[in-house]
Amino acid sequence: MAGGKNLFGIFMLKLMVLALFTLHAEGQGLKVGFYKKSCPQAEVIVSKVISDVMAVAPSLSGPLLRMHFHDCFIRGCDGSVLLDSPTNQSEKFSPPNLSLRGFNIIDRVKLALEKACPDVVSCADIVALVARDVTVATKGPFWEVETGRRDGNVSLFIDPITPVTGLPSFASNISVLKQSWALRGLSTKDLVVLSGGHTIGISHCSSFDSRLYNFTGKGDTDPTMDPNYIARLKLKCKPNDQTTFAELDPGSFKTFDDSYFKLVTKRRGLLQSDAALLDDPETRAYMIQATSRGSTFFKDFGVSMVNMGRIGVLTGSQGEVRKVCTKSN
């Protein structure tokens with residue numbers, strides 16, 4: 001009987017989560033050019049700041065792209081990942097978000113926008129626009145970003161690490177990944193396409209060292225990873241290394257291209273969640289297609305980013321437009 005109650009509880013939790021994320025899953029209230037009259041130069045200002053930043057700190061492209069994902073997957077795309085907490089109890093301080101960088105860049109963009117158009121452009125929209133602009137700056141695709149999001153004022157440490165509804169782990173298997181995307185109204189295609197964002201950026205050795213040294217707790221390696229790649233990674237990452245980084249897409253980690261998919265299909269995906277994409281026929285087929293001459297990856301990436309940018313948005317009179325991105329008004 002107790003087991004039945006537990007199953008019912010899990011079922012109800014999933015229903016509530018689904019209702020939460022699909023309430024505004026279609027991005028009602030968002031549109032391209034939302035600030036056309038209220039702040040005509042908004043996107044130009046964002047682009048200029050990001051262009052200046054990328055000229056001196058191109059390594060921030062990956063973290064700034066990932067910030068949009070971390071924001072949207074928790075409470076929807078409401079800028080909650082940006083909020084500070086005097087007791088370190090907001091999302092920003094939760095373990096999955098400790099590797100995020102570039103918060104000061106978001107602040108820099110916000111400051112420039114506030115000078116031009118005070119109290120108009122939301123921090124949630126800034127995160128979305130910055131994600132597009134760092135992609136373009138690294139030779140990736142351009143897409144029209146829907147804007148009109150409002151900022152949330154709730155940000156909880158526990159949310160990113162809550163089972164089922166939290167951020168999917170870098171060690172997630174394909175079933176968990178598909179479930180996580182589906183809970184947010186995203187498709188399996190969105191999952192594999194957005195994973196392609198790993199073409200830029202780096203990861204701590206601690207995020208994948210179990211694949212090199214202790215995959216099943218017996219001092220073994222991950223049999224699904226290319227042994228030659230394992231040998232190369234061991235030269236860089238020693239056991240229990242908490243400080244060293246490795247490139248997610250060796251050789252072109254500062255360039256947005258399709259080489260991530262080529263690496264994963266050769267069993268050289270860095271993270272377990274990368275390798276998991278080979279375990280589903282749809283995601284595997286897409287990766288093969290993405291490396292072919294007729295690849296639609298760049299176009300698809302823009303479409304999937306728009307889809308993700310619609311998750312759980314606050315619009316109209318909901319939420320607020322923060323004056324400072326790190327604190328509620």
Side-chain angles (χ1 to χ4, degrees), residues 23-55 57 60-61 63-85 90-92 100-137 142-155 302 305-329:
L23 181 61
H24 297 283
E26 296 304 316
Q28 294 177 4
L30 299 183
K31 67 177 183 179
V32 173
F34 181 84
Y35 299 110
K36 185 175 181 179
K37 293 182 179 179
S38 58
C39 190
Q41 295 298 306
E43 295 196 28
V44 173
I45 292 170
V46 176
S47 179
K48 175 63 167 62
V49 173
I50 294 305
S51 178
D52 291 345
V53 169
M54 290 296 100
L60 284 175
S61 58
L64 286 168
L65 174 59
R66 192 157 55 97
M67 189 181 291
H68 188 33
F69 161 72
H70 281 234
D71 183 36
C72 290
F73 266 52
I74 302 297
R75 293 187 174 272
C77 312
D78 67 346
S80 56
V81 74
L82 305 173
L83 288 170
D84 278 336
S85 162
S90 61
E91 290 173 35
K92 181 185 290 188
L100 289 180
R101 296 183 296 131
F103 291 106
N104 60 318
I105 306 305
I106 302 298
D107 295 339
R108 182 170 162 182
V109 173
K110 179 64 170 173
L111 185 62
L113 287 167
E114 285 298 299
K115 286 182 179 179
C117 316
D119 305 325
V120 173
V121 183
S122 71
C123 298
D125 276 344
I126 290 173
V127 172
L129 289 166
V130 166
R132 189 268 309 278
D133 290 347
V134 297
T135 302
V136 172
F142 174 91
W143 64 92
E144 296 285 2
V145 176
E146 295 177 337
T147 45
R149 298 169 190 80
R150 304 267 289 180
D151 298 321
N153 53 24
V154 177
S155 184
M305 287 294 285
V306 169
N307 291 341
M308 185 179 76
R310 294 172 175 170
I311 300 174
V313 294
L314 303 174
T315 58
S317 61
Q318 299 171 320
E320 63 185 7
V321 174
R322 292 182 213 141
K323 297 180 184 295
V324 177
C325 289
T326 54
K327 62 181 180 180
S328 295
N329 294 342

Undergrad: Show every salt bridge (charged side-chain N to carboxylate O under 4.0 Å, His left out) that has at least one partner inside residues 312-325, sequence neighbours left out.
TA: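 Sorted result for residues 312-325: Asp119-Lys323.
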
Undergrad: Quick check: closest heavy atoms across Phe103 and Val81, and the distance to 0.1 Å?
TA: CE2-O, 3.6 Å

Undergrad: Give a yes or no on whether the backbone of Cys123 and the side-chain of Asp151 come within a donor-acceptor separation of less than 3.5 Å.
TA: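 Pair found, side chain donor or acceptor close to backbone of Cys123.
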
Undergrad: Considering residues at least two apart in sequence or located in another chain, which fulfil the side chain to side chain contact (heavy atoms under 4.5 Å, CB included) criterion with Ser47?
TA: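 Partners of Ser47 by the side chain to side chain contact (heavy atoms under 4.5 Å, CB included) criterion, ordered by chain and then number, come out as Asp133.
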
Undergrad: May I ask you to decide if Asp84's main-chain N or O and Thr326's side chain share a donor-acceptor pair within less than 3.5 Å?
TA: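 No: the side chain of Thr326 does not pair with the backbone of Asp84.
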
Undergrad: Could I get the full list of side chain to side chain contact (heavy atoms under 4.5 Å, CB included) partners for Glu43, not counting sequence neighbours?
TA: Leu129, Arg132

Undergrad: Please list, one pair per line, the donor and acceptor atoms closer than 3.5 Å that link side chains of residues 29-37 to other protein atoms, with sequence neighbours excluded.
TA:
from, atom 1, to, atom 2, distance (Å)
Tyr35, OH, Ser122, N, 3.3
Tyr35, OH, Asp125, OD2, 2.5

Undergrad: Take Glu146 and Val306 through the side-chain contact (heavy atoms from CB on, under 4.5 Å) test and state the conclusion after the steps.
TA: CA-CA 7 Å; Glu146 295 177 337; Val306 169; 3.8 Å; yes

Undergrad: Donor-acceptor check, side chain of Arg149 to backbone of Val313, threshold 3.5 angstrom: yes or no?
TA: no

Undergrad: What's the separation between atom CD1 in Ile50 and atom OG1 in Thr135, rounded to the nearest 0.5 Å?
TA: 10.5 Å

Undergrad: Just to verify, which of Ile45, Val49, Val121 counts as forming a side chain to side chain contact (heavy atoms under 4.5 Å, CB included) with Val109?
TA: Val49

Undergrad: Can you name the residues that form a side-chain hydrogen bond (donor to acceptor under 3.5 Å, both in side chains) with Lys48, not counting sequence neighbours?
TA: Asp52

Undergrad: Measure the shortest side-chain to side-chain distance between Glu144 and Phe142 over non-hydrogen atoms and say whether it is less than 4.5 angstrom.
TA: yes

Undergrad: To the nearest 0.5 Å, how far apart are CZ in Arg66 and CG in Leu100?
TA: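 Here the rounded value is 5.0 Å.
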
Undergrad: List in chain and number order the residues that pass side-chain hydrogen bond (donor to acceptor under 3.5 Å, both in side chains) with Asp78, two or more places apart in sequence or in another chain; answer none if no residue qualifies.
TA: Ser80

Undergrad: Check whether any side-chain N or O of Asn153 sits under 3.5 Å from a backbone N or O of Ser328 as a donor-acceptor pair, and report yes or no.
TA: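 Answer holds: no.
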
Undergrad: Looking only at heavy atoms, what is the nearest atom pair of Thr315 and Gly148, with distance?
TA: CG2-O, 3.7 Å

Undergrad: In chain order, what residues pass the side chain to side chain contact (heavy atoms under 4.5 Å, CB included) check against Ala137, with sequence neighbours excluded?
TA: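 Residues passing side chain to side chain contact (heavy atoms under 4.5 Å, CB included) with Ala137: Met54.
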
Undergrad: Of the options Val134, Val53, Val136, which is the one that meets Ser61 in a side chain to side chain contact (heavy atoms under 4.5 Å, CB included)?
TA: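 With Ser61 as partner, Val134, Val53, Val136 yield a single side chain to side chain contact (heavy atoms under 4.5 Å, CB included), made by Val134.
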
Undergrad: Could you tell me which residues satisfy side chain to side chain contact (heavy atoms under 4.5 Å, CB included) with Ile106, sequence neighbours excluded, listed by chain and number?
TA: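 Once residues adjacent in sequence are excluded, the partners of Ile106 under the side chain to side chain contact (heavy atoms under 4.5 Å, CB included) criterion are Leu64, Met67, Leu82, Ile126, Val127, Val130, Cys325.
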
Undergrad: If you take all heavy atoms of His68 and Ala131, which pair is closest and at what distance?
TA: CB-CB, 3.8 Å

Undergrad: With sequence neighbours left out, what residues match Ser85 under side-chain hydrogen bond (donor to acceptor under 3.5 Å, both in side chains)?
TA: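 Counting only residues at least two positions away or on another chain, Ser85 forms a side-chain hydrogen bond (donor to acceptor under 3.5 Å, both in side chains) with Thr87.
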
Undergrad: For the atom pair OG (Ser155) and CZ (Arg75), what is the distance rounded to the nearest 0.5 Å?
TA: 7.5 Å

Undergrad: Taking Arg101 for its side chain and Leu60 for its backbone only, find out whether a donor-acceptor pair lies under 3.5 Å.
TA: no

Undergrad: Looking at residues at least two apart in the chain, or sitting in another chain, which of them share a salt bridge (charged side-chain N to carboxylate O under 4.0 Å, His left out) with Lys327?
TA: none

Undergrad: Restricting to non-hydrogen atoms, name the atom on Gly79 and the atom on Ala124 that form the minimum distance, rounded to 0.1 Å.
TA: N-CB, 3.7 Å

Undergrad: Applying side-chain hydrogen bond (donor to acceptor under 3.5 Å, both in side chains), name anything that partners Glu114, two or more places apart in sequence or on another chain.
TA: Lys110

